[in-house]
K.L.:
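My questions all concern the structure below.
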Amino acid sequence: MRRSKVIYSLLLLAGLVFLLVVTLYKPQDRDPKDSFTAHRLVAHAMGGIEGLTYSNTYEAFAANYEKGIRVFEADLLLSKDNKLIARHEWGESFTVMLGQEEVMDPGTHGAVWTYEEFKNAKIMGLYEPLGWEDILDLMEQYPDMYLITDTKQIEPEEIDQIFTLIAETAEQKNPELLKRIVPQIYYQSMWDAIEAIYPFESVIFTLYQTHDSDQSIVEFAKEKGIAAITMSETRANANLVASLNELGIPSYVHTINDRDQVLKFKRMGVYGFYTDFLEEKDVESSSWLQYLGL
């Protein structure tokens with residue numbers, strides 16, 4: 001009889017602890033319809049493929065879409081002839097990293113390429129580089145795909161040129177695509193610059209280039225109706241995340257490829273993650289034992 005009471009007490013205690021954890025862990029409310037925030041993962045640079053990151057390729061998109069990811073971030077740059085392309089950066093070391101040095105003349109490895117040069121230089125000799133028009137084609141072909149912009153040129157005149165291209169080409173192709181394009185801004189004044197070009201339905205504020213205080217970020221996000229905040233592992237903190245959660249603004253952390261790190265930040269109240277290799281099930285399947293660190 002005594003043993004039964006002990007077991008019952010332990011089960012009751014475990015249940016209470018579980019309820020406490022569930023009660024304290026309050027990810028922000030979200031509307032699961034018609035929003036990229038219906039998904040916890042963002043495929044960083046269109047997602048990783050065969051261990052390769054930053055490829056921004058069609059094959060990376062296809063592989064990660066097959067895994068169930070629906071929100072994709074693309075690095076966007078202007079080519080030498082002012083075409084918008086999906087590439088993280090220029091430079092010889094990056095060209096070598098992507099295995100493109102053998103298909104390009106040595107003198108061009110560190111240069112800014114034309115659109116034609118970019119499209120002809122397959123990554124690792126296998127993977128197809130994406131131009132902006134290619135991405136729009138994918139968005140039309142896959143109507144549940146969302147695209148987050150990571151524009152690598154952020155001077156005011158570059159922002160104007162890039163987002164004018166983004167808005168005009170998308171509107172010409174299919175105005176409905178604009179509902180699934182999510183600009184990522186790097187400082188507060190960038191909001192006004194983009195809003196003057198096109199009033200996108202959702203905007204993400206990424207914090208890795210700003211020194212704004214947490215309070216300033218929260219106030220700005222509330223004032224402008226920012227859809228989400230994304231931050232690095234080092235910038236993420238419980239107070240900022242909690243303040244955003246109170247406003248119903250989801251927090252994302254980048255770039256996470258480890259399930260233990262996912263759990264750590266979920267305990268903090270973080271909602272989603274930019275990733276190269278994780279799948280949605282890696283984020284959703286966290287049992288109460290994991291929350292307790294067991």
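FYI, side chains are in, hydrogens and waters are out, and symmetry mates aren't considered; it's all heavy atoms of this structure.
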K.L.:
When Ile, Leu, Val, Met, Phe, Trp and Tyr are grouped by side-chain heavy atoms lying under 4.5 Å apart, directly or through other members, which residues fall in the same group as F277?
P.N.:
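Its cluster partners, ordered by chain and number, are none at all.
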K.L.:
State whether the number of non-hydrogen atoms from other residues, nucleotides or ligands found under 6.0 Å of E116 atom CD is greater than 12.
P.N.:
no
K.L.:
Same cluster for I85 and L165 if Ile/Leu/Val/Met/Phe/Trp/Tyr side chains link at under 4.5 Å?
P.N.:
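I85 and L165: separate clusters.
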K.L.:
Might you point out which heavy atoms bring A121 and M104 nearest each other, and give the distance in Å?
P.N.:
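Closest approach of A121 to M104: CB-SD, 3.9 Å.
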K.L.:
Do L244 and V218 come close enough that some side-chain heavy atom pair is under 4.5 Å?
P.N.:
yes
K.L.:
Please examine the side chains of I166 and F200, heavy atoms only from C-beta on, and report whether any two atoms are closer than 4.5 Å.
P.N.:
yes
K.L.:
Could you tell me whether the side chain of T57 reaches within less than 4.5 Å of the side chain of M46, counting heavy atoms only?
P.N.:
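No, too far: nothing below the 4.5 Å cut-off.
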K.L.:
List the atom of D276, the atom of N64, and the distance in Å for their closest heavy-atom pair.
P.N.:
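It is O-OD1, 3.8 Å.
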K.L.:
Report the C-alpha distance between H44 and H254 in whole Å, list the side-chain angles of each, state the deciding distance to 0.1 Å, and finish with yes or no for side chain to side chain contact (heavy atoms under 4.5 Å, CB included).
P.N.:
CA-CA 8 Å; H44 173 236; H254 60 82; over 6 Å; no
K.L.:
Can you pull the salt bridge (Lys or Arg N to Asp or Glu O under 4.0 Å) pairs that have at least one residue in residues 189-200, sequence neighbours excluded?
P.N.:
D192-K224
K.L.:
Is the closest basic N to carboxylate O distance between E176 and K179 below 4.0 Å?
P.N.:
yes
K.L.:
Under the salt bridge (Lys or Arg N to Asp or Glu O under 4.0 Å) definition, can you give me all pairs with a residue in residues 232-245, not counting sequence neighbours?
P.N.:
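The answer is D214-R235.
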K.L.:
Is there side-chain contact between E171 and L178, with at least one heavy-atom pair below 4.5 Å?
P.N.:
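Touching, per the 4.5 Å side-chain cut-off.
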K.L.:
Do L278 and M145 belong together in a cluster built from hydrophobic side chains that touch within less than 4.5 Å?
P.N.:
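They do share one cluster, since a chain of ILVMFWY contacts under 4.5 Å joins L278 to M145.
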K.L.:
Run the side-chain donor-acceptor check on residues 127-135: report pairs under 3.5 Å with partners two or more places apart or on a different chain.
P.N.:
residue	atom	partner	partner atom	Å
W132	NE1	T169	OG1	2.8
D134	OD2	K119	NZ	2.6
D134	OD2	G131	N	2.8

K.L.:
Roughly how far, to the nearest 0.5 Å, is OG of S189 from CD1 of I159?
P.N.:
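If I round to the nearest 0.5 Å, the distance is 7.0 Å.
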K.L.:
Looking only at heavy atoms, which two atoms of S55 and I49 are closest? And how far apart?
P.N.:
OG-CG2, 4.1 Å
K.L.:
Is there side-chain contact between K173 and E140, with at least one heavy-atom pair below 4.5 Å?
P.N.:
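SC-SC contact between K173 and E140 confirmed.
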K.L.:
Under 3.5 Å, is there a donor-acceptor pair linking the side chains of T149 and T151?
P.N.:
no
K.L.:
Can you confirm whether I204 sits close enough to F36 that some side-chain heavy atom of one is under 4.5 Å from a side-chain heavy atom of the other?
P.N.:
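Yes - at least one pair of side-chain heavy atoms lies under 4.5 Å apart.
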K.L.:
May I have the step-by-step check of side chain to side chain contact (heavy atoms under 4.5 Å, CB included) for W191 and E223, ending in yes or no?
P.N.:
CA-CA 11 Å; W191 165 277; E223 176 191 351; over 6 Å; no
K.L.:
Only pairs under 3.5 Å count here: list side-chain donor-acceptor contacts from residues 89-98, not counting sequence neighbours, and write none if there are none.
P.N.:
residue	atom	partner	partner atom	Å
T95	OG1	R87	NH2	3.2
T95	OG1	G91	O	3.1
T95	OG1	H109	O	2.8

K.L.:
Which heavy atom in A236 sits nearest to a heavy atom in V253, and how many Å separate them?
P.N.:
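Minimum heavy-atom separation between A236 and V253: CB-CG2, 4.1 Å.
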K.L.:
Once rounded to the nearest 0.5 Å, what's the spacing between atom CD1 of I217 and atom OG of S243?
P.N.:
10.5 Å
K.L.:
Kindly work out whether a path of hydrophobic side-chain contacts (I/L/V/M/F/W/Y, heavy atoms less than 4.5 Å apart) joins F118 to I123.
P.N.:
no
K.L.:
What's the shortest heavy-atom distance between I197 and A167, and which atoms?
P.N.:
CG2-CB, 4.4 Å
K.L.:
If only atom types and distance count, is the side chain of E73 paired as donor or acceptor with the main-chain N or O of A45 below 3.5 Å?
P.N.:
yes
K.L.:
Using modelled atom types only, decide if a donor and an acceptor are shared between the side chain of T275 and the backbone of I256 within a distance under 3.5 Å.
P.N.:
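Confirmed, T275 side chain pairs with I256 backbone.
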K.L.:
According to a hydrophobic-cluster definition based on side-chain heavy atoms being under 4.5 Å apart (Ile, Leu, Val, Met, Phe, Trp, Tyr only), do F163 and M139 belong together?
P.N.:
yes
K.L.:
Excluding sequence neighbours, so at least two apart, what forms side-chain contact (heavy atoms from CB on, under 4.5 Å) with K222?
P.N.:
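side-chain contact (heavy atoms from CB on, under 4.5 Å) list for K222, sorted by chain: L247.
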K.L.:
Can you name the side-chain contact (heavy atoms from CB on, under 4.5 Å) partners of Q209, sequence neighbours left out?
P.N.:
I154, Y186
K.L.:
Could you list the residues that satisfy side-chain contact (heavy atoms from CB on, under 4.5 Å) with S213, not counting sequence neighbours?
P.N.:
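By the side-chain contact (heavy atoms from CB on, under 4.5 Å) rule, S213 matches Q215, S216.
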K.L.:
Out of curiosity, D75 CG to I148 CD1, how far, rounded to the nearest 0.5 Å?
P.N.:
12.0 Å
K.L.:
Mind checking whether M190 and V203 sit in one hydrophobic cluster, side chains of I, L, V, M, F, W, Y counted as touching below 4.5 Å?
P.N.:
yes
K.L.:
Taking side chain to side chain donor-acceptor pair (under 3.5 Å) as the definition, give me every residue that meets it alongside T210, ordered by chain and number, with sequence neighbours left out.
P.N.:
D212
K.L.:
Drop me the distance from N82's CG to Y115's OH, to the nearest 0.5 angstrom.
P.N.:
14.0 Å
K.L.:
Please find the pair of heavy atoms, one from P250 and one from T37, that lie closest to each other, and give the distance.
P.N.:
CG-CG2, 3.7 Å
K.L.:
Where do R180 and Y146 land on the side chain to side chain contact (heavy atoms under 4.5 Å, CB included) test, with the steps shown first?
P.N.:
CA-CA 5 Å; R180 292 185 281 120; Y146 290 86; 3.7 Å; yes
K.L.:
Rounded at 0.5 Å granularity, tell me how far CZ in F205 sits from CZ in F220.
P.N.:
5.5 Å
K.L.:
State whether the side chain of D105 and the backbone N or O of T108 hold a donor-acceptor pair below 3.5 Å, judged by distance alone.
P.N.:
no
K.L.:
Please examine the side chains of I194 and I185, heavy atoms only from C-beta on, and report whether any two atoms are closer than 4.5 Å.
P.N.:
yes
K.L.:
Considering residues at least two apart in sequence or located in another chain, which fulfil the side chain to side chain donor-acceptor pair (under 3.5 Å) criterion with K152?
P.N.:
D150
K.L.:
Decide yes or no for R40 and K266: does some side-chain heavy atom of the first lie under 4.5 Å from some side-chain heavy atom of the second?
P.N.:
yes
K.L.:
Quick check for you: to the nearest 0.5 Å, what is the distance between E284 atom CD and H39 atom NE2?
P.N.:
10.5 Å
K.L.:
Assess whether side chain to side chain contact (heavy atoms under 4.5 Å, CB included) is satisfied between I249 and I229, documenting all intermediate values.
P.N.:
CA-CA 7 Å; I249 299 173; I229 301 288; 4.1 Å; yes
K.L.:
Which residues pass the ring-ring contact (aromatic ring centres under 6.0 Å, His included) test with Y274, not counting sequence neighbours?
P.N.:
none
K.L.:
Going by salt bridge (Lys or Arg N to Asp or Glu O under 4.0 Å), name the pairs with one or both residues in residues 45-72, residues two or more places apart or in two chains.
P.N.:
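For residues 45-72, and leaving out neighbouring residues, the salt bridge (Lys or Arg N to Asp or Glu O under 4.0 Å) pairs sorted by first residue read R70-D144.
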